[in-house]
Enquirer: 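Let me give you the structure first, and then I'll get to my questions.
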Amino acid sequence: MTGSVVIAGLGPGAEDLVTPEVRAALEVATDIVGYFPYVARVEPREGLTLHGSDNRVEVDRATHALQMAAEGRHVVVVSSGDPGVFAMASAVFEALENHPEYHDLDIRVLPGITAMLAAASKLGAPLGHDFAAINLSDNLKPWSLIERRLRLAAQAGFAMAFYNPRSKSRPFQFGQALTILREELGDNVLISFCKDVTKDGQKLLTVPLGEATEDMADMRTVVIVGNADTRRVGPHVYTPRYAPTSSESA
Ligand code: SAH
């Protein structure tokens with residue numbers, strides 16, 4: 001019996017934003033693997049086993065998915081948003097590197113709508129020009145590298161989207177990130193805090209960098225920083241598509 005591993009993105013939260021392709025994969029799965037709250041988004045049914053796990057055990061979880069597929073099961077590994085953006089797809093391939101015996105398994109990645117794109121659509125078009133996506137968590141990389149990337153992305157005139165901006169175990173680093181951004185961009189560039197995007201209680205807040213405070217972000221927030229040309233038009237926030245003055249001055 002040939003099993004499979006499908007690594008699927010569930011989108012940012014709204015049921016309407018789960019793709020038909022992902023829905024179809026969930027319907028034929030025998031096993032769902034992932035972080036508890038994401039596994040909880042899958043409707044239980046007969047013949048489907050849900051394997052929720054803690055969020056720091058990605059490679060163990062991925063190895064388990066590969067083992068089950070090798071036994072003939074149809075496993076769907078779920079992530080929120082897109083599985084390739086700071087999520088399970090890379091973890092599965094990391095696990096695969098350690099297990100040559102699984103190299104010929106049927107493994108597929110199904111995209112989802114990532115948080116920054118869902119948030120950008122609610123704001124208007126803040127990512128309409130070049131941008132960088134940065135994970136502010138230092139679980140898997142040193143904080144010094146994050147600071148360097150922030151500074152260079154700001155100097156290069158990129159708009160930015162920050163994932164995992166601030167957690168209980170990392171309460172102060174987001175404040176340091178704001179300080180770096182103000183040093184590089186000044187006080188007037190717009191920053192948007194987008195919490196629970198497409199979910200009940202969605203909150204969007206856009207302020208100039210000079211008014212941003214660290215408590216505006218938490219782990220349910222994706223943060224979008226504009227470039228020097230990002231502006232408001234009516235209630236919307238957008239970045240023009242033409243070369244920004246920020247890139248000329250960079
Ligand atoms: N793979 C996911 C990202 C996982 S990292 C994706 O593509 O969206 C987890 C971080 O994503 C959170 O800390 C937060 O910054 C962001 N995030 C995920 N869903 C979100 C939502 N509905 N609203 C706001 N931010 C969200």
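Remember, it's 1-based here, ligands and their atoms both numbered in the order they're listed. Atom set for the values below is all heavy atoms of this structure, side chains included, hydrogens, waters and symmetry mates excluded. Position 1 is the first residue of the sequence; numbering continues from there.
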Enquirer: Is it true that V85 and Y35 fall in one hydrophobic cluster, defined by side-chain heavy atoms closer than 4.5 Å?
Expert: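 The answer is no; the residues belong to distinct hydrophobic clusters.
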
Enquirer: Against heavy atoms of T114, which atoms of ligand 1 measure under 4.0 Å?
Expert: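 Every atom of ligand 1 under 4.0 Å from some heavy atom of T114: 6 (C), 7 (O), 8 (O).
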
Enquirer: Starting from atom 18 (C) of ligand 1, locate the nearest protein heavy atom and write down its residue, its atom name and how far away it is, to 0.1 Å.
Expert: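 The closest heavy atom on the protein side is A115 CB, 3.6 Å.
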
Enquirer: Would you check if the side chain of R231 reaches a backbone N or O of D229 as a donor-acceptor pair within less than 3.5 Å?
Expert: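 A pair under 3.5 Å: yes.
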
Enquirer: Specify the protein heavy atom at minimum distance from atom 15 (O) of ligand 1: its residue, its atom name, and the distance to 0.1 Å.
Expert: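 Result for atom 15 (O) of ligand 1: T221 O, 2.7 Å.
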
Enquirer: So for T198, does at least one of its heavy atoms come nearer than 4.0 angstrom to any atom of ligand 1?
Expert: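 No heavy atom of T198 comes that close to ligand 1.
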
Enquirer: What atoms of ligand 1 come within less than 4.0 Å of a heavy atom belonging to A87?
Expert: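 Listed by number with element: 1 (N).
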
Enquirer: Identify, by atom number and element, the atoms of ligand 1 in contact range of M219, meaning under 4.0 Å from any of its heavy atoms.
Expert: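 Heavy-atom distances to M219 below 4.0 Å select 12 (C), 13 (O), 14 (C).
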
Enquirer: Examine ligand 1 and decide if any of its atoms is less than 4.0 Å from a heavy atom belonging to S80.
Expert: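 Checking ligand 1 against S80, which is what was asked, there is a heavy-atom contact under 4.0 Å.
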
Enquirer: Please tell me if the side chains of T213 and F193 come closer than 4.5 Å, counting only heavy atoms from C-beta onward.
Expert: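 Side-chain contact under 4.5 Å: no.
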
Enquirer: Do ligand 1 and I113 have nitrogen or oxygen atoms that lie under 3.5 Å from each other?
Expert: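 No; every N/O pair is 3.5 Å or more apart.
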
Enquirer: If you take all heavy atoms of S4 and H74, which pair is closest and at what distance?
Expert: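 It is OG-ND1, 2.7 Å.
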
Enquirer: Which residue supplies the protein heavy atom nearest to atom 23 (N) of ligand 1, what is that atom called, and how far is it?
Expert: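 For this ligand atom, the closest protein heavy atom is V197 N, 2.9 Å.
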
Enquirer: Need the ligand 1 atom indices (1-based, order shown) with element for anything under 4.0 Å from a heavy-atom of C194.
Expert: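 Going through ligand 1 atom by atom, the ones under 4.0 Å from C194 are 24 (C).
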
Enquirer: Please could you name the atoms of ligand 1 that P165 approaches to less than 4.0 Å, counting only its heavy atoms?
Expert: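 Matching atoms, with element in brackets: 15 (O).
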
Enquirer: Which of these passes side chain to side chain contact (heavy atoms under 4.5 Å, CB included) with M88: V77, V109, V59?
Expert: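 Checked V77, V109, V59 against M88; only one passes side chain to side chain contact (heavy atoms under 4.5 Å, CB included): V77.
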
Enquirer: In the protein, what heavy atom is nearest to atom 24 (C) of ligand 1, and what distance, to one decimal place, separates them?
Expert: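 Checked against all protein heavy atoms, atom 24 (C) of ligand 1 sits closest to R220 O, 3.1 Å.
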
Enquirer: Does any N or O in the side chain of R166 come within less than 3.5 Å of the main-chain N or O of A217, such that one atom is a donor and the other an acceptor?
Expert: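 Checking the backbone N and O of A217 against the side chain of R166, a donor-acceptor pair under 3.5 Å is found.
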
Enquirer: Mind checking whether F86 and Y163 have ring centres under 6.0 Å apart?
Expert: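 Yes.
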
Enquirer: Which residue supplies the protein heavy atom nearest to atom 9 (C) of ligand 1, what is that atom called, and how far is it?
Expert: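 Ranking protein heavy atoms by distance from atom 9 (C) of ligand 1, first comes N164 OD1, 3.3 Å.
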
Enquirer: Begin from the C-alpha positions of V75 and V6 and carry the test side-chain contact (heavy atoms from CB on, under 4.5 Å) through to its verdict.
Expert: CA-CA 6 Å; V75 184; V6 170; over 6 Å; no

Enquirer: Salt bridge or not between K203 and D196? Use side-chain N to carboxylate O under 4.0 Å.
Expert: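 No, no charged N to carboxylate O under 4.0 Å.
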
Enquirer: To the nearest 0.1 Å, how far is atom 11 (O) of ligand 1 from its closest protein heavy atom, and which atom is that?
Expert: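 For atom 11 (O) of ligand 1, the nearest protein heavy atom is Y163 CD2, 3.3 Å.
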
Enquirer: Starting from atom 4 (C) of ligand 1, find the nearest protein heavy-atom neighbour and note its residue, name and distance.
Expert: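 Nearest protein contact, heavy atoms only, for atom 4 (C) of ligand 1 is F86 O, 3.7 Å.
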
Enquirer: Under a 4.0 angstrom heavy-atom cut-off, which atoms of ligand 1 come close to K199?
Expert: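 Answer for ligand 1: 22 (N).
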
Enquirer: For ligand 1, which part of N135 has a heavy atom less than 4.0 Å away: the side chain, the backbone, both, or neither?
Expert: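 Near ligand 1, N135 shows nothing, with every heavy atom at 4.0 Å or more.
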
Enquirer: Hey, is ligand 1 close enough to P12 that some N/O pair sits below 3.5 Å?
Expert: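 Yes, at least one N or O pair falls under 3.5 Å.
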
Enquirer: Is the shortest side-chain heavy-atom distance between V92 and T63 below 4.5 Å?
Expert: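 Heavy-atom side-chain distance check fails, nothing below 4.5 Å.
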
Enquirer: Quick one: does Q67's side chain get under 4.5 Å of E101's, heavy atoms only?
Expert: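 They are not in side-chain contact.
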
